[in-house]
Amino acid sequence: MKILLVDDHQLVIAGLNLVLPNLGSNIHIQAETEALIALKVLRNHHDFDLILFDLAMPGMDGLEFLAAIREQRIVSPAVALSATDDLNLILAVLDGGAQGFIPKSHNADQMIAALRIIIDGDIYVPQSLQGQLQTLRHNNILLASKKESVMKEIGITQRQHDVLSMLAKGCSNKETGNLLCLSENTVKSHVAALFKALDASNRTECVRNAYELGIINSIT
């Protein structure tokens, strides 16, 4: 079995090099400390049976890494191995196509048991998190439905919502245009429409009103 391990902490890599051989015989582990390098490895080698990746990595984080390997149509099971307790991030990783989430707090026996579940084709999530994630997913569905209803009611299109999200991050019209592949004039038109729909006279007020209506989830 070939395993690609992606983690920027050498101590974690050293520990997993001791634990992972317990999965069985002929375990071959290739470790990379950067997600971008791991992507290059995956482009050239398609025979990995398992990909283990950290979520908090410099340059490209684990969520971006997962999206990149799915875009490349890499079908090897990809598993997040992380110390995070951020339920939104864990849910995003699972919804993004990860075959499981294994906390770094697991001991060696728990980790091997989790990986065997994944190798058998099932998704692994610690039992202690399953109920919380199910509740969060349900609440997110309700929020998304409410957001869609409000947007329709006040006349904000999905493209305008994309622009609004950029405003909430503090992006200029030019930056927004570059990120969304729109001309600066088109962005200005969308911003004007947002001001009107949200009864705002400036960007700060526009973003604040959108947040209060539940159209965006956060303000940078």
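Positions are given from 1, in the same order as the sequence printed here.
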Fill in the blank from the handout: Nearest heavy-atom contact between Val187 and Asn173 is CG1-OD1, 3.6 Å
Problem - Heavy-atom side-chain proximity of Val79 to Tyr124 below 4.5 angstrom - result: no
Problem - Any donor-acceptor N/O pair, Glu205 side chain to Ser201 backbone, under 3.5 Å - result: yes
Problem - Under 3.5 Å: donor-acceptor pair, side chain of Asp49, backbone of Lys2 - result: yes
Handout entry: Closest non-hydrogen atom pair, Asp8 against Ala56
Key = OD1-O, 3.5 Å
Handout entry: Residue pair Leu23 / Ile119, side-chain heavy-atom distance below 4.5 Å
Key = yes
Problem - N/O donor-acceptor pair under 3.5 Å between Ser145 side chain and Ile141 backbone - result: no
Handout entry: CG/Leu11: more than 12 non-hydrogen atoms of other groups inside 6.0 Å
Key = no
Handout entry: CG on Asp199 to CD1 on Ile154, rounded to 0.5 Å
Key = 10.0 Å
Handout entry: Close side-chain approach of Leu50 to Gln99, heavy-atom, < 4.5 Å
Key = no
Practice task
Please tell me if the side chains of Leu194 and Leu167 come closer than 4.5 Å, counting only heavy atoms from C-beta onward.
Solution key: yes
Handout entry: Flag if over 12 foreign heavy atoms under 6.0 Å of CD, Glu175
Key = yes
Practice task
Taking the side chain as every heavy atom from C-beta outward, state whether Met111 and Asn22 have any pair of such atoms under 4.5 Å apart.
Solution key: no
Problem - Closest heavy-atom pair and its distance - Leu81, Pro103 - result: CD1-O, 4.3 Å
Problem - Close side-chain approach of Gln110 and Pro126, heavy atoms under 4.5 Å - result: no
Practice task
Please say whether more than 12 non-hydrogen atoms of neighbouring residues, nucleotides or ligands are located less than 6.0 Å from CG in Asn202.
Solution key: yes
Exercise for the section: Would you indicate whether the side-chain heavy atoms of Leu42 and Ile51 approach each other to under 4.5 Å? Expected result: yes
Exercise for the section: State whether the number of non-hydrogen atoms from other residues, nucleotides or ligands found under 6.0 Å of Glu148 atom CD is greater than 12. Expected result: no
Practice task
Look only at the side chain of His161 and the backbone of Ile215, and say whether a donor-acceptor pair between them is shorter than 3.5 Å.
Solution key: yes
Problem - Least distance between heavy atoms, Pro21 atom then Leu16 atom - result: CD-O, 4.0 Å
Handout entry: Contact check, side chains of Leu115 and Leu20, non-hydrogen atoms, under 4.5 Å
Key = yes
Problem - Enclosure of Glu212 CD (heavy-atom neighbours >12, cutoff 6.0 Å) - result: yes
Practice task
Using atom types as modelled and distance alone, determine if a side-chain donor or acceptor of Asn209 lies under 3.5 Å from a backbone N or O of Leu198.
Solution key: yes
